[in-house]
Amino acid sequence: MCTRRGVHCTSMPASSHHIPVLLSTVLASLAPQSGDSVLDATLGLGGHAEALLRATSPHGTLVGLDADAKNLASSQERLSSFDGRTTFYHCNFGKLAQLQLPPFDIILADLGLSSPHIDDPARGFTFREPAPLDLRFDSSTGMTASELLRQSDVSAIKVILRDFGELFRDAHRLAITLAGQSFEKTTDLVHAVEQLLGYRAKRILPQIFQALRIAVNDELTMLDAFLAEAPLLLKPGGRIGMISFHSLEDRRVKQAFRALSTSVKDPVTGQVAVPASFVELSRKPMVASPEECADNPRARSAKFRVLRRVSS
Ligand SMILES: C[S@@+](CC[C@H](N)C(=O)[O-])C[C@H]1O[C@@H](n2cnc3c(N)ncnc32)[C@H](O)[C@@H]1O
C-alpha cells in the first residue's frame, strides 16, 4: 500500500557524507529545465532530488517515492526548503500504477541500497556487524530474511542463491546448511557460512546477502513492474534514467529500453510498420569516471541508461 507523506519535521539529520552517484552525468543526460516535473522513484537521502529541484527552479515540481520510511523522512527533511514543489509517497516503485500520477518530464530511479543501509549496522544489511537478519527496505511489510530462511526448503533457497546471488558452485551445499534454520542475527548466518566454506566465505557472503535482499524485497518483480509502467508516464520529449548496480538489474533495464526503442518492421517488406516511441540516449551504459570511483567506491559498479520519449 502506498501512502502520501505530509510535511516532515524531525530532528533527524540528513546524512552529510552521502554522495549521489553519477550526479553530473545524470544532470547532463536528463537535462532538467526550469519548470520541469520530476519523479524520483528512489529518493534515498534526496541527493539527486535536491539537484533536480534546483535545476528546475523556480516552479518545477518533484514527486518522490521510497520504500524505506526512514530514508523518505530524511529526504523530506533535506528537501523541506522546496516545500510547495514536492510531494512524497512511502511507496514501492513497483506499485507506481496505484498512484495514478500525471505525466512527467523526467523520471529517475537509482536502484538498491543507500548509504544508511550500509553504514547503520542496525539496519541489518551488512554482514560485518551483528544486527537482526532483516534486509527489508520497507520494515512495515513482508518477511524478514530470518523468517524467509526459517520457512523455506532446500530447493527454494537454492533457487534464491543461484538466481539472485549468481552462486552456482556452492548453491546446493549452502541451501542444505541454511534452509529451515533460525538465524536471528546477521552474525549467526555469517558463522554458519564460515563453518561450511572456511576462508572462501568472505568472498561469497556479499552474494548471499544480495540474494536474500533481492528475495525479501521481491526486487526483480518490482523492477519489472516499474519498467513496464514508468516509461509510459513520460510526456513526449520526456527522459527516464535508471542507475543499476549489478548485472541482474542492468540486464532488465537494457532489455526493456531496447524493446521500447525498437521499431516494428513489416515482415514482408522489411519497412518500418510502427515506429518506436522511444530512443535510447546511448546503446552502452554510462559509467563513473576513475576520479568518481576513487572518491565513491559504490560508483564503481554503477551503470546508467537513459531513454527519451519521442512521441505519445
Ligand atoms: C541508491 S538509494 C537512492 C539514493 C538517492 N538517489 C540519493 O541521491 O540520495 C536507493 C533508494 O531506493 C530505495 N528503494 C530500493 N528499492 C525500492 C523500490 N522497489 N521502491 C521504492 N524505493 C526503493 C531504497 O530504500 C533507497 O533509499
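When reading the values below, keep in mind they use all heavy atoms of this one structure, side chains included, and skip hydrogens, waters and symmetry mates. For the single chain, residues carry numbers from 1 onward in sequence order. Both ligands and their constituent atoms are indexed starting at 1 by order of listing.
- From S75, atom OG reaches atom CZ of F88 across 7.0 Å, with rounding to the nearest 0.5 Å.
- Between D170 and R203, no side-chain nitrogen of the basic residue sits less than 4.0 Å from a carboxylate oxygen of the acidic one, so the salt-bridge criterion is not met.
- The nearest non-hydrogen atom to atom 25 (O) of ligand 1, considering only N71, D66, L43, comes from D66.
- Atoms of ligand 1 found under 4.0 Å from any heavy atom of L45, numbered from 1 in the order shown, are 7 (C), 9 (O).
- In this structure, N92 counts as a contact residue of ligand 1, since one of its heavy atoms falls inside 4.0 Å of the ligand.
- Near A41, with a cut-off below 4.0 Å to any heavy atom, the atoms of ligand 1 are 21 (C), 22 (N).
- Taking 4.0 Å as the cut-off, P116 does not count as a neighbour of ligand 1 on heavy-atom distance.
- Between the side chains of T56 and R85, at least one donor N or O lies within less than 3.5 Å of an accepting N or O.
- Below 4.0 Å from some heavy atom of L111 lie the following atoms of ligand 1, by number and element: 1 (C).
- A distance of 6.0 Å or more separates the ring centres of F183 and H191.
- Ligand 1 places these atoms under 4.0 Å from at least one heavy atom of R298: 1 (C).
- Close approach of ligand 1 to G44 is summarised as follows: ligand atoms under 4.0 Å from at least one heavy atom of the residue are 3 (C), 4 (C), 9 (O), 27 (O).
- By heavy-atom distance, the residue among D218, L108, L113, T42 lying nearest atom 1 (C) of ligand 1 is L113.
- In this model, a donor atom of one side chain and an acceptor atom of the other lie less than 3.5 Å apart for D105 and S37.
- In this model, a donor atom of one side chain and an acceptor atom of the other lie less than 3.5 Å apart for T221 and D218.
- At a heavy-atom distance under 4.0 Å, no atom of A49 approaches ligand 1.
- A tilted orientation is assigned to the rings of F226 and F93, their planes being inclined by 30° to 60°.
- Of the listed residues (G112, S114, A225), the one carrying the non-hydrogen atom nearest atom 10 (C) of ligand 1 is G112.
- Exactly one residue among R239, R258, K254 makes a salt bridge (Lys or Arg N to Asp or Glu O under 4.0 Å) with E280. That residue is R258.
- With hydrogens and angles left out, the side-chain atoms of Q195 and T177 include no donor and acceptor closer than 3.5 Å.
- Residue-level proximity to ligand 1 for F137 is carried by the side chain, the only part with a heavy atom below 4.0 angstrom.
- The D68 neighbourhood of ligand 1 comprises atoms 25 (O), with distances under 4.0 Å to a heavy atom of that residue.
- Within ligand 1, counting atoms from 1 as listed, the ones closer than 4.0 Å to a heavy atom of D110 are 1 (C), 2 (S), 3 (C), 4 (C), 5 (C), 6 (N), 10 (C).
- Using a 4.0 Å cut-off to heavy atoms of G46, the atoms of ligand 1 that qualify are 7 (C), 9 (O).
- In this structure, H117 counts as a contact residue of ligand 1, since one of its heavy atoms falls inside 4.0 Å of the ligand.
- For the pair E184 and R150, the salt-bridge criterion is met [side-chain N within less than 4.0 Å of a carboxylate O].
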